[in-house]
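Comments concern the structure below.
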Amino acid sequence: MGVLTGRTALVTGAGRGIGRGIAERLGRDGARVAVHYGSSEAAAKETVAAIEAAGGSAFAIRAELGRPGDAEALWEEFDRHAEGLDILVNNAGIGGAPPIEEIDEATYDQVFAVNVRAPFFIVRHGLERLRDGGRIINISSGLARTAVFPHQIAYAMTKAALDVFSRDLSKVLGRRGVTVNSVAPGIIDTDNTAELLHGTEGGWARAAEISALGRVGETADVADVVAFLASDAGRWVTGSWVDATGGSLT
Ligand code: NAP
C-alpha cells in the first residue's frame, strides 16, 4: 500500500522529462496515473510501461495543448479510462521562448496558450471531476522570480501568470479541501535543457554553479516535492510557491 493508493492522478506532458519523473513517482506511491502526452506517443507508452513494471497502474491519453478546445478534448480522453480525479499536475509546457528582439506575436501567443491558457482551462473543465480533498500542482519555474536568464522574458511571464493562478485558485477551492500550489524547478536535465547543458561548451558546469548545491537538478528532485504536496502530509500547504531550484535563487 502506497500513500496514494486509491487516488487517481493526471500528469500533463508525462511522456518525457519532469512530467515522466512525476508520473512514475506518483505511480510508485500507489496512484493510478493518467499519462498525458501531445506528440510523444511512444514515450508516453514507455512511462505507462515503467509504472506498470513497478507494480502500479497507468494509462496514456493524448491531447494537443495550445489550441481551442484542447482541455475539453483532454477530459474526453480521460473519461474513457477513469471516473473522477484526486491529483492534477499541470506540467506540460513550452520550456522557453525567443528573446524580445526576436519573438513574433504567433510564438508569444502559442507559449501563453500552452503554458497558461491550457492549465487554466484544464482546471476549468476538470473541476467537476476533481474530488474534494484533491490536489492541484502547477509546474512553474525559478525564472518567474529571478532574471538570471533575462532573454527568457516571455517564458518567465507565463510562469508568473501560472503562479497567480495557483495563489488565487487556492482560495477559490480551499473550502472543498483542495490544495493548489506552484512548484518551481531550477535547471533540470531534460530534453528542454539539452542545448544549454550538453550543446554548449562548459554549459553543464555553469548550470551546476547556479545552484547552491552545486549540481544540475534531476527530474526526481522535482518529483519528490510534488509527491509530498500530493500526499496527506502536504494537506496544510496551499497557495504556495514551492522553491525546487536547489537554492538557485539565493
Ligand atoms: P520537456 O522535456 O521539453 O517536455 C515538455 C513536455 O510538455 C512534454 O512532455 C510535451 O509532451 C509537453 N508539451 C509541450 N508542448 C505541448 C503541447 N502543445 N501539447 C501537449 N503537450 C505538450 O520539458 P521539461 O523540461 O520536462 O519541463 C516540464 C515542465 O517543467 C515545463 O512546464 C517547464 O516549463 C518546467 N520547467 C522545466 C525546467 C527545466 O530545467 N527542465 C525548469 C523549470 C521549469 P509531448 O512531447 O508529448 O508533446
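Order of appearance sets the numbers: ligands from 1, and atoms from 1 within every ligand.
Close N/O approach between Tyr37 and ligand 1 is not found [any backbone or side-chain N/O within under 3.5 Å]. For ligand 1, the polar-atom distance check against Gly38 finds a nitrogen or oxygen pair separated by under 3.5 Å. At least one N or O atom of Asn91 sits closer than 3.5 Å to an N or O atom of ligand 1. Residue Gly13 has at least one N or O atom closer than 3.5 Å to an N or O atom of ligand 1. Polar contact check, Glu64 against ligand 1: a nitrogen or oxygen pair lies under 3.5 Å apart. Taking only nitrogen or oxygen atoms, main chain and side chain alike, Gln110 does not reach within less than 3.5 Å of ligand 1.
In the vicinity of Asp191, heavy-atom distances shorter than 4.0 Å reach the ligand 1 atoms 2 (O). Near Ile187, meaning under 4.0 Å from any of its heavy atoms, are these atoms of ligand 1: 40 (O). Ligand-side atoms of ligand 1 in range of Ala63: 20 (C), range being under 4.0 angstrom from any heavy atom. In summary, the atoms of ligand 1 found under 4.0 Å from a heavy atom of His36, numbered by their order in the structure, are 20 (C), 21 (N). Taking every heavy atom of Val114 and a limit of under 4.0 angstrom, the matching atoms of ligand 1 come to 15 (N), 18 (N). Each of the following atoms of ligand 1 lies closer than 4.0 Å to a heavy atom of Gly17: 26 (O).
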Please walk me through it: do Ser166 and Ser182 pass side chain to side chain donor-acceptor pair (under 3.5 Å)? CA-CA 6 Å; Ser166 296; Ser182 278; 2.8 Å; yes
In sequence, state the C-alpha distance, the side-chain angles, and the governing distance for Asp243 and Thr245, and then conclude on side chain to side chain donor-acceptor pair (under 3.5 Å). CA-CA 6 Å; Asp243 181 333; Thr245 70; 2.7 Å; yes
Steps toward salt bridge (charged side-chain N to carboxylate O under 4.0 Å, His left out) verdict (Arg7, Asp232): CA-CA 11 Å; Arg7 315 260 170 95; Asp232 289 340; 3.2 Å; yes
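For Glu128, the CD atom is densely surrounded, since the number of other residues' heavy atoms within 6.0 Å is greater than 12. More than 12 heavy atoms of other residues, nucleotides or ligands lie within 6.0 Å of CD1 in Ile103, so this atom counts as buried by the packing criterion.
What you find for Ala144 and Asp163 is that their closest heavy atoms are CB-OD2, 3.4 Å. In terms of heavy atoms, Gly17 sits closest to Thr190 at CA-CG2, 3.9 Å.
Paired with Asp86 under the rule salt bridge (charged side-chain N to carboxylate O under 4.0 Å, His left out), one option of Arg131, Arg135, Arg32 passes, and it is Arg131.
Considering only non-hydrogen protein atoms, atom 41 (N) of ligand 1 sits nearest to Thr190 OG1, 3.2 Å. Atom 13 (N) of ligand 1 has its closest protein heavy atom at Ala92 CB, 4.0 Å. At the shortest separation from atom 42 (C) of ligand 1 among protein heavy atoms lies Gly186 O, 2.9 Å. Summary of contacts: the protein heavy atom closest to atom 19 (N) of ligand 1 is Leu65 N, 2.9 Å. The shortest contact between atom 43 (C) of ligand 1 and any protein heavy atom is with Pro185 O, 3.4 Å. Considering only non-hydrogen protein atoms, atom 26 (O) of ligand 1 sits nearest to Ile18 N, 2.8 Å. Nearest protein neighbour of atom 2 (O) of ligand 1, counting heavy atoms only, is Arg16 NH1, 3.5 Å. The protein non-hydrogen atom at the shortest distance from atom 34 (O) of ligand 1 is Tyr155 OH, 2.6 Å.
In this structure, Thr146 contributes its side chain and Leu143 its backbone to no donor-acceptor pair below 3.5 Å. In terms of modelled atom types and a separation under 3.5 Å, the side chain of Ser211 and the main chain of Ala207 share no donor-acceptor contact. Remark: side-chain polar atoms of Lys159 are not paired, donor with acceptor, to backbone N or O of Val116 under 3.5 angstrom.
In this structure, Leu213 is not a member of the same hydrophobic cluster as Val216, with clusters built from ILVMFWY side-chain heavy atoms closer than 4.5 Å.
The shortest side-chain heavy-atom distance between Leu74 and Leu65 falls under the 4.5 Å cut-off.
With a 4.0 Å heavy-atom cut-off, ligand 1 is reached by the side chain of Thr193 but not by its N, CA, C or O. Contacts between Ser140 and ligand 1, counted as non-hydrogen atom pairs separated by less than 4.0 Å, involve the backbone only. By the criterion of a heavy-atom distance under 4.0 Å, neither the backbone nor the side chain of Arg20 is placed next to ligand 1.
To the nearest 0.5 Å, atom CG of residue Leu10 and atom CZ of residue Phe78 are 6.0 Å apart.
With distances taken over non-hydrogen atoms, the option nearest atom 23 (O) of ligand 1 out of Ile94, Val222, Asn192, Leu197 is Asn192.
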